[in-house]
Amino acid sequence: MTIRPLIAGNWKMNGLAASLGEVHALREAQAAPACDVLICPPATLIGAMVAAVQGHPMMVGAQDCHAAESGAHTGDLSAEMIADAGGSAVIVGHSERRADHGEDDAAVKAKAEAALRAGLIAIVCIGETEEERDAGRALDVVLGQLAASLPAGATAENTVIAYEPVWAIGTGRVPEIADIAQMHDALRDDLKDRLSDGASVRLLYGGSMKPGNAAEILAVENVNGGLIGGASLKAADFGAIIAAA
Ligand code: 13P
């Protein structure tokens with residue numbers, strides 16, 4: 001089965017209005033990408049980025065949402081607000097939010113369900129720490145996170161799973177290709193058991209993906225794209241990863 005890959009950029013807490021120049025450069029360099037492309041800038045840039053990608057298939061998303069539709073939640077954004085701003089997707093459960101904001105699997109699941117409620121694609125992040133991998137628990141931890149954070153109503157259309165080993169994020173270290181393959185195979189088997197269209201759910205790899213290693217990682221069976229942090233900030237690097245897909 002062919003699954004159209006998704007190359008998604010997570011700008012994290014980076015980017016000012018001037019950074020939109022990278023998006024203009026990217027749309028010129030990648031006028032007709034052979035994969036789906038998404039950028040998740042900080043919330044301050046969502047509206048302007050939606051305008052900047054007008055007429056190009058690139059999508060714009062957010063990095064987090066609240067589970068509720070509206071209410072007294074100072075500083076938070078609802079999935080409905082992201083959709084209203086022109087967003088198409090939202091990342092939920094990134095390990096930085098799990099660590100910095102104490103988000104557990106139940107909170108991540110509620111956020112993912114909010115994304116689906118608002119008609120957004122939920123990108124659910126899971127991944128083990130280095131300690132968990134060293135203890136031989138990586139598969140157990142990651143499959144446990146998937147079971148507990150997969151939203152009710154998930155389909156291959158509305159949900160994407162991103163496997164991001166915590167120790168590979170921003171470190172320049174990536175797992176052995178065989179370890180990526182093993183994890184993605186296990187995730188695929190699990191999704192097939194859980195969802196009628198689990199064979200088609202996109203499984204992204206994230207963690208120090210760069211132009212130099214993207215082709216090798218993206219060639220792994222059951223890797224259907226990437227979630228890219230640092231290398232998504234520059235059009236040249238992100239464009240090279242899109243080209244590799
Ligand atoms: P890096 O690509 O900077 O390692 O970040 C990966 C990531 O956390 C994407 O969500």
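Remember, it's 1-based here, ligands and their atoms both numbered in the order they're listed. Reckoned from all heavy atoms, side chains included, excluding hydrogens, waters and symmetry mates.
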Note: Glu113-Arg117 ion pair, threshold 4.0 Å (strictly below): no
Atom of Glu96, atom of Ile169 and distance for their closest heavy-atom approach: OE2-CG2, 3.5 Å
Closest approach of any protein heavy atom to atom 2 (O) of ligand 1, naming residue and atom: Gly229 N, 2.9 Å
Proximity flag Gly206 to ligand 1, non-hydrogen atoms under 4.0 Å: no
Side chain to side chain donor-acceptor pair (under 3.5 Å) between His94 and Glu103, worked out: CA-CA 9 Å; His94 192 281; Glu103 293 183 9; over 6 Å; no
Residue and atom name of the nearest protein heavy atom (relative to atom 5 (O) of ligand 1), distance in Å to one decimal: Lys12 NZ, 3.2 Å
Numbered atoms of ligand 1 (with element) below 4.0 Å of Leu227, judged on heavy atoms: 9 (C), 10 (O)
Under 4.0 Å to a heavy atom of His94 - the qualifying atoms of ligand 1, by number: 7 (C), 8 (O), 9 (C), 10 (O)
Backbone N/O of Ser208 and side chain of Asn213: donor-acceptor pair under 3.5 Å: yes
Stepwise side chain to side chain donor-acceptor pair (under 3.5 Å) test for Glu22 and Ser19: CA-CA 6 Å; Glu22 297 297 330; Ser19 315; over 6 Å; no
Ligand 1 contacted by Lys210 (non-hydrogen, < 4.0 Å): no
Heavy-atom nearest neighbour in the protein, as seen from atom 3 (O) of ligand 1, with distance rounded to 0.1 Å: Gly230 N, 2.8 Å
Pairs meeting criterion ring pair (Phe, Tyr, Trp, His ring centres under 6.0 Å) with involvement of residues 152-203, two or more places apart: Tyr163-His184
Per-atom contacts of ligand 1 with Gly207, taking only distances under 4.0 Å to non-hydrogen atoms: 4 (O), 6 (C)
Anything under 3.5 Å between a donor and an acceptor, one on a side chain of residues 32-44, the other on a protein residue two or more places apart or in another chain? List them.
| unit_1 | atom_1 | unit_2 | atom_2 | d |
| --- | --- | --- | --- | --- |
| Asp36 | OD1 | Arg4 | NE | 2.7 |
| Asp36 | OD2 | Arg202 | NH1 | 2.9 |

Shortest protein heavy-atom distance from atom 7 (C) of ligand 1, along with the residue and atom involved: Glu164 OE2, 3.0 Å
Region of Asn10 engaging ligand 1 - heavy atom pairs below 4.0 Å: side chain
More than 12 heavy atoms of other groups within 6.0 Å of Lys234 NZ: no
Close approach, Ala231 and ligand 1, non-hydrogen under 4.0 angstrom: no
N/O separation below 3.5 Å, Ser208 to ligand 1: yes
